[in-house]
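Okay, so here's the structure we're looking at.
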Amino acid sequence: MGKLINMNATVEKNKTLQNILNQLDTVKDELAELLSVSEETETDSAGMDALTEALDALEDAAEMIGEVLMGD
């Protein structure tokens, strides 16, 4: 019976991670679009740098979550 509980916990964990990954992808797309618009309107470089760093961090997080999902 213990294995069934562990399998269910793993399935739930994977569902949660996949949900987070999907949400990260949405945020990344929206942030990339914002960066594109900001480049066209010449937003200050400090703001652009901060947004670019945020996008990089989101991409790193998504990659790590993907690796965890592939490992399970």
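For this chain, numbers begin at 1 and follow the sequence in order.
Residue pairs that meet the salt bridge (Lys or Arg N to Asp or Glu O under 4.0 Å) test with at least one member in residues 23-32, sequence neighbours left out, are Asp25-Lys28.
Scored by the side chain to side chain donor-acceptor pair (under 3.5 Å) test, Glu59 finds no partners at all (sequence neighbours excluded). Residues satisfying the side chain to side chain contact (heavy atoms under 4.5 Å, CB included) criterion with Leu31, sequence neighbours excluded, are Leu34, Leu51, Ala54, Leu55, Leu58. Evaluation of the side chain to side chain contact (heavy atoms under 4.5 Å, CB included) rule for Gln23 yields Asn19 as partners, not counting sequence neighbours. Scored by the side chain to side chain contact (heavy atoms under 4.5 Å, CB included) test, Ile65 finds Leu17, Ile20, Leu21, Leu24, Leu69 as partners (sequence neighbours excluded).
Side chains of Asn14 and Gln18: no donor on one and acceptor on the other come within 3.5 Å.
Of the possible polar contacts, none joining the Ser36 side chain to the Ala32 backbone as a donor-acceptor pair under 3.5 Å is found.
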Problem set entry | Asn8/Glu12 under side chain to side chain contact (heavy atoms under 4.5 Å, CB included): CA gap, chis, key distance, verdict | CA-CA 6 Å; Asn8 287 336; Glu12 284 302 313; 5.7 Å; no

